[in-house]
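What follows is a set of notes on a single structure, which appears directly below.
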Amino acid sequence: MADITITLPDGSERSVPAGTTVGGLAASIGRGLAKAAVIGAVNGTERDLGWELAEGDVVEIITATSDRGLFTIRHSTTHVMAQAVLELFPGATFAIGPPVEHGFYYDFELPPGPDGKPATFVPEDLERIEARMREILAQAQPFVRDELSNERAREVFAGHRYKLEIIDGEADDPTSATASGLVRTYENPPAEAWAQPAFAGYPGFIDLCRGPHVPDTKSFLGHFKLMRVAGAYWRGDEKKPMLQRIYGTAWASKKELDEHLHNLEEAAKRDHRKLANDLDLLSFPDELGGGLAVWHPKGGIVRKLMEDYSRERHAKGGYEFVYTPNIANGKLFEASGHLGFYRDGMYPPMEMDNGEYYPKPMNCPGHNLIFDARQRSYRELPLRLFELGTVYRYEKSGTLHGLMRIRGFTQDDSHIYCTPEQAHDEIRSLLGFVLSVLRAFGFDDFEAMLSTRPAKAETVGTDEGWAEATENLRAALEAEGLAYEVDEGGGAFYGPKIDVKVRDAIGRHWQLSTIQYDFNMATRMGLEYVGADGSRHTPIMLHRALFGSVERFFGVLLEHYAGAFPTWLAPVQVRVLPVRDDHEPYAREVADELTALGLRADVVEADEKLGNRIRKAKTEKLPYVLVVGDDDVASRTVGVNPRGRGRAGRLDRRVRPAGGRRGRRPVARPMTDPGAGPASAAEAGGGPGPGLARLWAGWRTAYIERLGDDPAEVRPDGDGRSLFERIFASDLPDDETHVLWRGETCFAVLNAYPYGSGHLLVLPQRAVADLGGLTEAEATELWAGVRAGVAAIEAAYRPDGVNVGINLGAGAGAGVPDHLHVHCLPRWSGDTNFMTAVAEARVLPEPLEVSSRKLRAAWPAPA
RNA sequence: GCCCGCGUAGCUCAGUUGGCCAGAGCAGCCGCCUUGUAAGCGGCAGGUCGUCGGUUCGAUUCCGACCGCGGGCUCCA
């Protein structure tokens, strides 16, 4: 037999006998590949393993580990499901059944029941179907590819009205091909002919399908599970019949299937509706009506902190604060166009003496009235109006979903009015602002969607206007280096937009922020400003929201953190537990001190065993538990038990800061110097607010207990000595330790102590008893080192949101000489010194070697 | 709005194939225990079995409607 030559993806050529199939080619390459091959791609088109190759074909073997292989497995599984359903439910028919993310579905219509309407599946049916599917798998029925003429196909599928629509080209099926008078089919010949044949001339199952498929029902298909049944309109049209959709999940291995099911359970544990209830944050009382929430005190404090932070950032961002009422005369919404375009989404009107009043579905009309309250000059632009504005929308009952989709919610809403010339810069800074705020809440994985002009927008705006606006949005995305996709035609009828999605802790995406152009409303409502040329112009209007809705954002945060809010947002930050009831006065003293410092602290008295009280604090996901007993009362200490770990050590309250004791503050002055970089959480953009410098002033970090027992705490650097021991032994060059900088009198070092995450320490080179003992020159250089370190971290890791807390005092933990201790952590972590544990790992998340290299590269040159 | 499912104590859930006073754990309250880093012991209280209507001698249980919730579809300026 003559040989043919095949090209493989790596460009190599291979000679095989004529008539060799895709599967045969895989086998000729290797046994492992033959076993793993699901399908092939021949000249870019996916083909079954049984496909015969021709001279010159370029062939790629696709295995189950690839997306396309998995896709095929799911596609074949849904065929098997359809087969099972059609056999088990005589008279049933089927529509389409594509693979989808994580699995597949198929849409069915069952024969009419006693009431004349098509019957429906009940959950028990899924078990029967699944059982039948497993029998089909065991039979190893081949997937037989064929092509039928349209006429023949109409005979075969005569009893299946939805398939006929597909054959006739009226309906689209993403997995079948209907070109040029032929339809492709896949048949699964059964072991025994069906008692009630469903297809003319076939003993069992056949489906319209482009393929490809796995070779037979036994190969690759076992790892699936039918998940649920749901209604779905035929062709997605609510005027067409509702079909019964069965969803399933399918994977290449049992391990992956189990992992997927496990992930679903994990996601269920994070469900914000469950957590909101468990943590007593908010509720949806039936008496209130669907889609409406009440916020309990613990949810309320978190919301308040979110809103306070939002206001603070907006104030700094040049926004002006406005308020508009919750209801408005219908005439306003006629003018804005809402009654024309959005009536279905609005609550019905209230009849009043002078017309109908509607709850507002959006804040923009009200803001426009503020813009229009007097004549505006170009000198006032950009005008940025901000409101935490509560809106009401009549969402269909079936769409409500916890906090994610509700009927009354608060937008952190802004409308920006600017000149066309300003739009470019405005959009650009806006996107940076949005991302900076989202980062502050602990998100750092973003994706964006750029939505362009839809067909329905023909009459709104000009071609040039749309093009320029879209370009401005694109430029901003590129300037931020943000990955984005383009949704062609996906914009609103009034303008293009950017939607920002974040990826949460378990990889799910949430759409939060939106930045939208509006070419429509300013014109409709007659908004104008007087330009430098003395004539009137229509301003560019931008809508934007960061959280989107405060409620929804709260829900996303809750799921992101699985209820364990970062310290700065936690309803209770610190709980103090007296071991015995006679320790209670001391516990109160500690809690009062923390409260006076602006922390949210409480005390739980000793009615129960300590273990149980700690357990309760853990289930409430409190960031810190402080335990005080006999030893602590005697020595003025507290035992620290942070969230996520057990007992962590002890804090000593006796030592006062060096500067305070000596009356000489070599480093205190520069710390509050506005030119010195972010010296407080407030300055860096939030956190518990002013008072940071005082916050832990009376405490010193002395991780005095058990330090060194845990290899993760002091990370031996090769020779069994801690990094500190090695550094102070001075027997290593800088590039083998993590010394980042050496000055005249001080140096900076990166260390893993005490949490296995990066700390940047700036230290004097000579041993001094305490900071008060520094010379003026040393203090100055120490501070310069701190500032350089902050700059380096900002440059190398986080351009925003780095807080710097500074410990003053004789920090003697782990035998470290007196030092100035710089904590670099994102604002969401809170910023008290022992509260940095988890946070710092996120700021310098890499191995020390990598962080060290990056920081050294980013270290600013001395002034 | 449409399809399927669900609704028993604050929470998580038993149970009733139509019948005596509807159960448990946790949470709550009271008492004992004086407590050292994720559950000490005992007691008490708590439910018109989502609401309304129907069938029945009798309904938490069967039927209907409504309300709410969940999963989908549709929708989402």
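Because the structure is predicted, anything quoted here is derived from the model rather than measured. Every chain is numbered from 1 and lettered A, B, ... according to where its sequence line falls, protein lines coming before strand lines.
- Within 4.0 Å of A:R228, counting heavy atoms only, lie sugar-phosphate atoms of the nucleic acid but no base atom.
- In this structure, CE in A:M133 is found 8.5 Å from CD1 in A:I129, a value given to the nearest 0.5 Å.
- Cation-pi geometry between A:R407 and A:Y392 is not satisfied (NZ or CZ under 6.0 Å from the ring centre, within 45° of the ring normal).
- Rounded to whole Å, atom P of B:G72 lies 16 Å from atom CG of A:L226.
- To the nearest whole angstrom, the two P atoms, one in B:A27 and one in B:C3, are 43 Å apart.
- At the heavy-atom level, A:G611 lies under 4.0 Å from the strands shown only through sugar-phosphate atoms.
- Judged by closest nucleotide on RNA chain B, A:K616 is the one of A:D237 and A:K616 placed further toward the 5' end.
- Taking the six-membered ring wherever Trp is involved, the centroid distance between the rings of A:F89 and A:F121 falls below 6.0 Å.
- In this structure, a donor-acceptor pair under 3.5 Å is absent between the side chains of A:E109 and A:T93.
- Side-chain to base pairing of A:N277 with B:G10: no donor and acceptor N or O lie closer than 3.5 Å to each other.
- Using a 4.0 Å heavy-atom cutoff across all strands shown, A:H338 reaches at least one base atom of the nucleic acid.
- Aromatic pair A:Y162/A:F94: centroids not less than 6.0 angstrom apart.
- A 6.0 Å sphere centred on CD of A:E485 holds no more than 12 heavy atoms belonging to other residues, nucleotides or ligands.
- Between A:I416 atom CD1 and A:I540 atom CD1 the span is 12.0 Å, to the nearest 0.5 Å.
- A:D286 comes within 4.0 angstrom of the backbone, heavy atoms only, and of no base.
- Taking the six-membered ring for Trp and thresholds of 30 and 60 degrees, A:H367 and A:H415 have ring planes more than 60 degrees apart, a perpendicular arrangement.
- Within the nucleic acid shown, A:R273 comes within 4.0 Å of sugar-phosphate atoms alone, with no base atom in reach, counting heavy atoms only.
- Taking atom P on both B:U56 and B:C63, the two are 16 Å apart, rounded to the nearest angstrom.
- Base engagement by A:F493 is indicated by at least one non-hydrogen atom pair under 4.0 Å involving a base atom.
- A donor-acceptor contact under 3.5 Å is not formed by the side chain of A:R235 with the base of B:C73.
- Residue A:G291 is in sugar-phosphate contact alone, with no base atom involved, counting any heavy-atom pair closer than 4.0 Å across all strands shown.
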Give me the distances for all protein-to-nucleotides 1-4 of chain B N/O pairs that come in under 3.5 Å?
from, atom 1, to, atom 2, distance (Å)
B:G1, OP2, A:S397, OG, 2.4
B:G1, N7, A:G398, N, 3.4
B:G1, N2, A:Y233, OH, 2.6
B:C2, O4', A:Y233, OH, 3.4
B:C3, O2', A:Q244, NE2, 2.8
B:C3, O2, A:G231, N, 3.1

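- Protein atom CG of A:L281 is 19 Å distant from nucleotide atom P of B:G10, rounded to whole Å.
- Every stem involving RNA chain B, taken as at least 3 paired positions in a row under the Watson-Crick or G-U wobble test at 3.5 Å, is listed here: B:1-7 with B:67-73, B:10-13 with B:23-26, B:28-32 with B:40-44, B:50-54 with B:62-66.
- If you take atom P in B:U61 and the same atom in B:G42, they sit 36 Å apart, rounded to whole Å.
- With both ends at atom P, the span from B:C49 to B:G10 equals 13 Å, rounded to whole Å.
- With hydrogens and angles disregarded, a donor-acceptor distance shorter than 3.5 Å links the side chain of A:R544 to the backbone of A:D412.
- Listed candidates were B:A27, B:U37, B:G72. Nearest to the side chain of A:I614 is B:U37.
- A:Y494 and A:H543 have tilted rings, their planes meeting at an angle from 30° to 60° on a 0 to 90° scale.
- For the C1' atoms, the distance linking B:G58 with B:G40 amounts to 47 Å, nearest Å.
- Atom P of nucleotide B:G68 and atom CG of A:L400 are separated by 9 Å, given to the nearest angstrom.
- Using a 4.0 Å heavy-atom cutoff across all strands shown, A:G491 reaches no nucleic acid atom at all.
- A distance of about 15 Å separates the C1' atoms of B:U16 and B:C21, rounded to the whole Å.
- In terms of the side chain to side chain contact (heavy atoms under 4.5 Å, CB included) criterion, residue partners of A:A232 (sequence neighbours excluded) are, by chain and number, A:D107, A:R245.
- The listed nucleotides are B:G36, B:C73, B:C69; the one nearest the side chain of A:V627 is B:G36.
- Along RNA chain B, the nucleotide nearest to A:G629 and the one nearest to A:N612 differ in position, and the one closer to the 5' end is contacted by A:G629.
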